[in-house]
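No experiment lies behind these values; they were computed from the predicted model shown. Sequence lines set the chain letters: A, B, ... in the order given, protein chains first and strands last, and positions in each chain run from 1.
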Protein chains: 2
Amino acid sequence: MASATHLFPIRHDAIPSLLQKYGIVPTTQRIEIAATLLCERQHLSADQVLKRLTEHGVSVSKATVYNTLGLFAERSLVRQVIVDPAKVFYDSNTEPHHHVYNVDDGTLIDIDTANMCLEQIPYPPRGTFVETVDIVIRIRNTV
Amino acid sequence: MASATHLFPIRHDAIPSLLQKYGIVPTTQRIEIAATLLCERQHLSADQVLKRLTEHGVSVSKATVYNTLGLFAERSLVRQVIVDPAKVFYDSNTEPHHHVYNVDDGTLIDIDTANMCLEQIPYPPRGTFVETVDIVIRIRNTV
DNA sequence: CCCCGATTTAGACTCCGTCTAGTTCAAATG
DNA sequence: CATTTGAACTAGACGGAGTCTAAATCGGGG
């Protein structure tokens with residue numbers, strides 16, 4: 001359940017132990033998928049991860065990529081970012097931060113939470129708890 | 001381009017002029033779709049709108065429902081809410097507010113912006129402008 | 001009443017993601 | 001070292017949301 005967030009760049013041979021730290025059995029495919037996404041701070045869709053793997057001559061099935069990214073998100077190794085109705089992004093950066101999404105070209109960038117004070121978050125209804133608070137600034141290109 | 005937000009409930013016969021105020025030609029189908037969504041503060045997916053229309057004996061094609069809701073959002077008559085990777089919600093409430101989304105049961109509720117001060121929003125990159133700032137509090141059921 | 005651009009339509013199609021059922025893998029066991 | 005067993009992986013079918021296309025229809029201006 002790893003307390004500290006990992007640092008970039010992550011060395012390929014550090015991945016198995018990283019996965020274990022998050023309670024994930026480090027299989028060949030999971031290591032490859034993690035290496036693809038976690039090599040730097042970035043936002044990739046499942047499809048993009050699959051494409052990169054294929055391009056690098058690594059053969060992993062579509063189902064495994066989708067399942068594995070879902071597992072990573074569930075275990076908080078990566079973060080899901082839902083800003084585009086068409087696809088889910090997976091964010092290799094798990095430190096608290098928010099996002100700026102360019103609706104026109106699909107660019108997604110991180111912004112620090114520093115100074116973005118968010119006061120008075122309402123109590124969650126009975127029987128529920130807050131999982132995340134996501135702030136998305138949607139921008140568009142002028143003209 | 002209507003400045004003031006409309007008030008609920010909206011009378012059915014007030015819809016044609018409301019559409020015109022937003023630069024939308026009020027056709028039969030658009031009036032029906034607007035009436036379905038705007039009758040009260042609510043969040044509906046395109047599919048739900050289509051279902052309600054069908055249930056009320058109003059026949060509108062799927063393509064028209066999707067296109068029309070997209071048009072309404074583009075003209076700021078309604079607001080798109082992207083919180084679920086599976087579908088887009090359309091929000092009849094266009095006043096500034098944010099959302100609490102229950103990931104487990106798909107419930108979406110509005111929260112007032114009052115007291116939720118958000119300071120220090122970063123400048124948008126050159127050549128872009130901020131369209132919306134969306135805050136989504138994701139909650140889950142305990143147990 | 002006719003014309004013509006705007007709107008609507010049915011249904012095919014695309015794309016993201018899930019499901020299924022069979023296969024492979026690897027670790028533990030005998 | 002062979003066997004067992006459950007987890008993980010796979011290919012490909014499938015499902016659902018949303019888009020596209022080409023044809024039909026509408027409705028306001030002439």
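No engagement by Asn67(A) is indicated, since no non-hydrogen atom pair under 4.0 Å with the nucleic acid exists.
Close to dG17(C), at under 4.0 Å from its OP1 or OP2, lies a side-chain N or O of Tyr66(A). At dC26(D), none of the side-chain N or O atoms of Gln29(B) fall inside 4.0 Å of OP1 or OP2 (strictly under the cut-off). Phosphate proximity of dC9(D) to Thr27(A): present, with a side-chain N or O under 4.0 Å from OP1 or OP2.
For Pro85(A) and Arg30(A), each mapped to the nucleotide of DNA chain D holding its nearest heavy atom, the one lying further toward the 5' end belongs to Arg30(A). Residue Val60(B) is the one, among Val60(B) and Thr28(A), whose nearest nucleotide of DNA chain C lies closer to the 5' end (criterion: closest heavy atom). Taking the nucleotide of DNA chain D with the nearest heavy atom to each of Ala86(B) and Ser61(A), the more 5' of the two is matched to Ser61(A).
Rounded to whole angstrom, the span from the CG atom of Asp84(B) across to the P atom of dC16(C) amounts to 17 Å. Here the C1' atom of nucleotide dA7(D) and the CG atom of Leu71(A) are 12 Å apart, to the nearest Å. If you take CD of Glu32(A) and C1' of dA8(D), they are 16 Å apart, rounded to a whole angstrom. In this structure, Tyr90(B) places its OH atom 11 Å from C1' of dA17(D), rounding to the nearest Å. As a whole-Å value, the separation of Asp47(A) CG from dG17(C) P is 7 Å. Atom CG of Leu53(B) is separated from atom P of dT8(C) by 12 Å (rounded to the nearest Å). Atoms CD (Gln20(B)) and P (dG28(D)) sit 11 Å apart, rounded to a whole Å. For Leu69(A) and dC16(C), the CG to P distance is 14 Å, given to the nearest whole Å.
Distance from the side chain of Val88(B) is smallest to dG18(D) among dG27(D), dT7(C), dG18(D). Nearest to the side-chain atoms of Thr68(B) among the listed nucleotides dT8(C), dG18(D), dG17(C) stands dT8(C). Counting only heavy atoms from C-beta on, Thr64(B) has its side chain closest to dT8(C) among dT8(C), dA8(D), dT10(D).
When all heavy atoms of His98(A) and Val133(A) are compared, the closest pair comes out as CE1-O, 3.4 Å.
Between the side chains of Asp110(B) and His99(B), a donor-acceptor pair is found at a separation under 3.5 Å. A donor atom on one side chain and an acceptor atom on the other are not found under 3.5 Å apart for Asp47(B) and Ser45(B).
Below the 3.5 angstrom threshold, one finds a donor paired with an acceptor across the side chain of Lys62(B) and the base of dG18(D).
Ring-plane geometry between His43(A) and His97(A) is classed as tilted, the angle between the planes lying from 30 to 60 degrees on a 0 to 90 degree scale.
Within a 6.0 Å sphere centred on CZ of Phe129(B), other residues, nucleotides and ligands contribute more than 12 heavy atoms.
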